[in-house]
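Following: one structure in structure tokens, then a few remarks.
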Amino acid sequence: MPSPAPRPLPVVLARIRMPLMWLAMTALLAGYLGLSWWVGVTLLVVALAVNLRLGTPRCAPRVLAPPVRGRWMALTSPVDNVPSQGTHAYGQTYALGLVTEDGTRPDIAWRPLSRPPQDFPAFGAPVHAPAEGTVVRVHDRQRDHRSRNSWPWLFGSVLENTLRELRGPSGLLGNHVIIDIGGAHVLLGHLRRGSITVAPGDRVALGQRIAQCGNSGACTEPQVRIQLMDLRHPLFAAGLPMVWASGWNVGSPEAEGLPETWRPVEVTDHYGVPSGQAGSAGDYPDSQVRRTS
């Protein structure tokens, strides 16, 4: 049975990821002042390895409820890739990005270059608390931008997201809510500005409607992000594995699990989160808990 807590090394690496990157960039800039370029380059290589690949936290997943209802699809999922966002930074190791797929969602194309968020069925969809807990952070100041789901915009989004990161985690995560669920923290991101109905200190119930899906932060189209972290601050948090409780998937009502990438599933609210929310599965083993069927 996997440990309920990750090993110390991945946690330590999570704490130093961003400071190490800052140190590397400072050393590179110091090269103009006489510091050896090899120092900066070596630190940058190490920092990138720690940010992108090294230090995957592995432990038993927490069982949560889905934050959405209806027909949704994962754009990024830890079922298919860890780290699911391509990076461990900001507690994103096991992050899940969800979009509505009801047959009306515009697909990626060359034109138009961008669309208003209202063109996407996910925009404005209710977002629910995936567990009971206490709200510890609310960020609700970013506008909902136009989509980036054309090929030219997708290519340019790498630079755009780099500039967004200069604002810290909020630049990437957009409007978000963080809930302390006891022993871990759930982050719900890319929310619609002005839609968040809770404030720090509020106690939320499982399944309570707390916001709407938006298009804020580093996202190509309106979507809901959910990720589990060991700290309330994404800057120094280690991302933790999670699964959704049995009953969430119409196609496989008996199994815990998460949606696979690019496979639409019908998400229901007929689920049961066990007492203590301790998952029965390993860290995404090759078993039915990984699959949406």
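By convention here, the first residue in the shown sequence is residue 1. Heavy-atom basis, side chains included; hydrogens, waters and symmetry copies ignored.
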Checklist entry - Quick one: does Asp202's side chain have a donor or acceptor within less than 3.5 Å of a partner on Val198's backbone? => result no
Next on the checklist: Apply side chain to side chain contact (heavy atoms under 4.5 Å, CB included) to residues Glu256 and Val63 and explain how you reach the verdict.
Outcome noted: CA-CA 8 Å; Glu256 298 172 345; Val63 178; 3.7 Å; yes
Checklist entry - Short question: side chain of Ser147, backbone of Ser114 - any donor-acceptor pair under 3.5 Å? => result no
Checklist entry - What pair of heavy atoms forms the shortest contact from Val135 to Val138, and how long is it? => result CG1-CG2, 3.7 Å
Item to check | Atom CZ of Arg141 with >12 non-hydrogen neighbours under 6.0 angstrom | outcome: no
Checklist entry - After noting the C-alpha distance and the side-chain angles of Leu96 and Trp244, does the key distance pass the side chain to side chain contact (heavy atoms under 4.5 Å, CB included) rule? => result CA-CA 11 Å; Leu96 184 68; Trp244 289 350; 3.5 Å; yes
Next on the checklist: Can you confirm whether Arg7 is buried at CZ, in the sense that more than 12 heavy atoms of other residues, nucleotides or ligands lie under 6.0 Å from that atom?
Outcome noted: no
Checklist entry - Can you list the steps and then say if Thr56 with His88 is a side chain to side chain donor-acceptor pair (under 3.5 Å)? => result CA-CA 7 Å; Thr56 302; His88 291 292; 3.3 Å; yes
Checklist entry - Will you find, in the side chains of Arg148 and Thr220, an N or O donor that is under 3.5 Å from an N or O acceptor? => result no
Checklist entry - With sequence neighbours left out, which residue pairs that include part of residues 11-32 fulfil the side-chain hydrogen bond (donor to acceptor under 3.5 Å, both in side chains) condition? => result Arg15-Asp230
Checklist entry - Between Gln142 and Ser170, is there a donor-acceptor pair closer than 3.5 Å when you use the side chain of the first and the backbone of the second? => result yes
Checklist entry - Are more than 12 heavy atoms from other residues, nucleotides or ligands located less than 6.0 Å from atom CH2 of Trp37? => result yes
Checklist outcome for this item: Taking every heavy atom of Thr197 against every heavy atom of Arg209, the minimum-distance pair comes out as OG1-O, 3.5 Å
Next on the checklist: Any side-chain to backbone donor/acceptor pair from His128 onto Gly207? Under 3.5 Å, distance only.
Outcome noted: yes
Item to check | Working for side chain to side chain contact (heavy atoms under 4.5 Å, CB included), residues Trp262 and Asp80 | outcome: CA-CA 10 Å; Trp262 302 111; Asp80 301 292; over 6 Å; no
Next on the checklist: For Leu191, is there any backbone N or O sitting under 3.5 Å from a side-chain donor or acceptor partner on Ser216?
Outcome noted: yes
Checklist entry - So, Arg115 and Glu221, do they make that salt bridge, N to O below 4.0 Å? => result no
Checklist entry - Can you list the steps and then say if Leu166 with Leu163 is a side chain to side chain contact (heavy atoms under 4.5 Å, CB included)? => result CA-CA 5 Å; Leu166 296 177; Leu163 296 176; 4.2 Å; yes
Item to check | Donor on one side chain, acceptor on other, Arg137 and His233, under 3.5 Å | outcome: no
Checklist entry - Which residue pairs satisfy the side-chain hydrogen bond (donor to acceptor under 3.5 Å, both in side chains) criterion with at least one member in residues 179-196, sequence neighbours excluded? => result His190-Arg225, Arg192-Gln212
Checklist entry - Looking only at side chains, do Thr100 and Asp102 share a donor and an acceptor under 3.5 Å apart? => result no
Item to check | Side chains of Tyr90 and Gln227, donor plus acceptor under 3.5 Å | outcome: no
